Amino acid sequence: MKIRLVNQGIFTTIEDIHTATIPPTEGFYWIDADVDDLAVLQPIFALHDLAVEDCLSEEEQRPKIEIHEGHYFIVINSIRFDDEEIFLRALNIFLGRHYIITVTKQKINELRTLKPILWEEEVGRPDRFLYHLVDLVVDNYFLVGDRIEARIESLEEDILMHTKKSHLTEIIGLRSEILWLKKVLGPQKDVIFTLNKKDLKLIDDQLQKYFSDIYENAVKIAETFETYRDLMGNLREAYQSSLANRANEIMRVFTALTTIFMPLTFITGIYGMNFDYIPGLHLHGGSYILLFIMLFLGCGMFYIFRKKDWL
């Protein structure tokens with residue numbers, strides 16, 4: 001657990017947690033904790049039991065905002081994409097009048113990248129800290145969306161060039177990830193809408209207007225992932241069409257080869273019959289002539305098929 005006094009973007013480390021219970025003359029306290037620290041933090045800051053229980057729960061928590069006496073409890077999801085799977089990590093936030101507590105189970109990059117922004121913007125209020133944090137989380141969805149789009153384009157190119165069975169597994173996996181993520185985006189969008197529209201005493205009225213910009217971005221993200229879902233459907237159709245075309249190509253080659261060998265089989269069938277009198281049977285060098293005729297027929301039919309683009 002790290003306790004910092006944040007004043008105009010300048011960080012001062014605090015050693016005693018009880019110091020954070022008293023409102024500072026200037027600035028606010030940022031307590032960066034993990035779930036194990038809640039046993040200490042709950043009685044000191046009177047954190048609501050249900051909120052603490054949600055933080056400790058092993059079940060996945062939907063994004064939400066709860067209004068409790070003296071503080072708000074907010075859950076939003078940070079996103080990460082490693083080209084194979086999408087990961088969502090819950091970011092639990094307790095917003096008080098003079099403090100903000102962030103509780104996570106895993107490391108979240110947005111908390112690390114937030115520090116220079118707080119310094120640059122000279123942040124000195126916890127609600128402004130919340131605004132910049134939510135803004136970073138939402139912006140990261142755009143970055144992940146760009147990577148997903150690039151992955152879809154790469155997968156489409158691979159399917160058109162070299163269709164493999166593994167492509168179907170990738171399509172199904174990525175599509176299910178996008179559908180799962182789309183279900184999460186709805187509640188998260190509602191949370192940001194609440195921060196934008198609802199009268200919240202712990203958030204400055206002027207700052208609420210800035211949340212409208214984040215809400216517009218959240219709507220764009222939801223629409224973007226809706227488009228990705230449609231693209232995955234198109235990608236699956238392209239995969240099936242590619243397989244069908246490949247099967248047709250193979251059947252066309254087999255049909256052409258069968259057609260080429262039909263007259264050759266006919267000739268060998270005639271001269272393989274048990275008759276003494278067959279034209280050219282006892283001709284000197286007749287076998288070579290017959291082989292030449294068969295070779296001429298095969299090459300001639302192959303040339304005709306190639307010229308008509310059947311092979």
Side-chain angles (χ1 to χ4, degrees), residues 54 57-65 74-92 104-111 113 133-195 213-251:
D54 287 341
S57 175
E58 294 296 331
E59 296 181 1
E60 184 178 306
Q61 297 297 316
R62 288 165 57 90
K64 61 182 177 179
I65 179 170
I74 304 167
V75 180
I76 57 176
N77 284 319
S78 171
I79 189 173
R80 184 170 64 87
F81 180 55
D82 64 356
D83 294 334
E84 294 183 0
E85 189 175 357
I86 298 173
F87 295 95
L88 291 179
R89 293 178 173 177
L91 176 56
N92 305 292
T104 59
K105 293 182 180 179
Q106 303 96 1
K107 292 183 179 180
I108 294 181
N109 290 334
E110 286 83 350
L111 291 176
T113 56
L133 178 57
V134 175
D135 188 39
L136 270 180
V137 170
V138 173
D139 284 347
N140 199 33
Y141 277 80
F142 283 111
L143 298 177
V144 172
D146 291 340
R147 294 183 62 189
I148 291 176
E149 184 176 0
R151 179 61 186 143
I152 292 174
E153 291 176 355
S154 175
L155 193 56
E156 182 180 17
E157 184 178 346
D158 288 344
I159 289 173
L160 294 177
M161 296 297 295
H162 307 287
T163 306
K164 301 177 183 178
K165 291 183 179 180
S166 60
H167 287 150
L168 182 59
T169 304
E170 292 184 51
I171 292 171
I172 294 174
L174 187 56
R175 185 175 185 274
S176 62
E177 293 283 345
I178 292 173
L179 288 174
W180 167 67
L181 181 59
K182 187 175 175 295
K183 293 179 181 178
V184 177
L185 288 175
Q188 186 142 303
K189 186 174 61 175
D190 294 339
V191 170
I192 300 172
F193 180 80
T194 302
L195 294 171
D213 182 62
I214 301 178
Y215 177 72
E216 290 177 4
N217 289 337
V219 172
K220 290 178 183 178
I221 290 168
E223 293 173 349
T224 299
F225 278 91
E226 180 70 28
T227 303
Y228 292 157
R229 188 191 68 169
D230 296 336
L231 287 176
M232 294 308 299
N234 296 338
L235 205 58
R236 185 168 182 174
E237 292 177 3
Y239 171 81
Q240 293 172 340
S241 298
S242 181
L243 282 184
N245 291 336
R246 186 178 177 185
N248 290 337
E249 288 290 331
I250 294 173
M251 290 303 300

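Only this structure's heavy atoms are used, side chains among them; waters, hydrogens and symmetry mates stay out. Quick caveat: nothing in here was measured; it's all calculated off a predicted structure.
Distance check: Ile192 CD1 to Asn217 CG gives 8.5 Å after rounding to the nearest 0.5 Å. Atom CZ of Phe225 and atom CD1 of Ile178 lie 7.0 Å apart (nearest 0.5 Å). In this structure, CD1 on Ile152 lies 9.5 Å from OG1 on Thr227, to the nearest 0.5 angstrom. Note that NZ of Lys64 is 13.0 Å distant from OG1 of Thr194, once rounded to the nearest 0.5 Å. The OG1 atom of Thr224 sits 8.5 Å away from the CD atom of Glu149 when rounded to the nearest 0.5 Å. One distance of note links CG of Leu195 with CG of Asp190; it measures 11.0 Å at 0.5 Å rounding.
Applying the ring-ring contact (aromatic ring centres under 6.0 Å, His included) rule to Tyr141 yields no partners; only residues at least two apart in sequence or on another chain are considered. Take Glu223 and apply the salt bridge (Lys or Arg N to Asp or Glu O under 4.0 Å) test, not counting sequence neighbours, and it matches no residue. Residues passing the salt bridge (Lys or Arg N to Asp or Glu O under 4.0 Å) test with Lys105: none are found, sequence neighbours excluded.
Side chains of Asn92 and Asp54 form no contact here, defined as non-hydrogen atoms less than 4.5 Å apart.
Of the possible donor and acceptor atoms, one in the side chain of Asn140 sits under 3.5 Å from a partner among the backbone N and O of Ile79. With hydrogens and angles ignored, the 3.5 Å screen pairs no side-chain donor or acceptor of Ser154 with any backbone N or O of Ala150.
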>> Quick one, Ile76 with Val134, criterion side-chain contact (heavy atoms from CB on, under 4.5 Å). Give me CA distance, side-chain angles, the key distance, then yes/no.
In response: CA-CA 8 Å; Ile76 57 176; Val134 175; 4.0 Å; yes

>> Walk me through whether Val137 and Gln188 qualify under side-chain contact (heavy atoms from CB on, under 4.5 Å).
In response: CA-CA 11 Å; Val137 170; Gln188 186 142 303; 4.2 Å; yes

>> Go through it in stages, so that I can follow the logic: the residues are Leu143 and Asp139, the test is side-chain contact (heavy atoms from CB on, under 4.5 Å), and I'd like the CA-CA distance, side-chain angles, deciding distance and then a yes or no.
In response: CA-CA 7 Å; Leu143 298 177; Asp139 284 347; over 6 Å; no

>> Set out, in order, the CA-CA distance, both residues' side-chain angles and the distance that settles side-chain contact (heavy atoms from CB on, under 4.5 Å) for Lys182 and Tyr228, then state yes or no.
In response: CA-CA 10 Å; Lys182 187 175 175 295; Tyr228 292 157; over 6 Å; no

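Heavy-atom neighbours of Arg89 CZ from other residues, nucleotides or ligands within 6.0 Å: above the threshold of 12.
For the residue pair Val191 and Val75, the shortest heavy atom distance occurs at CG2-O, 4.4 Å. Closest of all the heavy-atom pairs between Ala218 and Val138 is N-CG1, 4.2 Å. Minimum heavy-atom separation, Pro187 to Pro63: CB-O, 3.7 Å.
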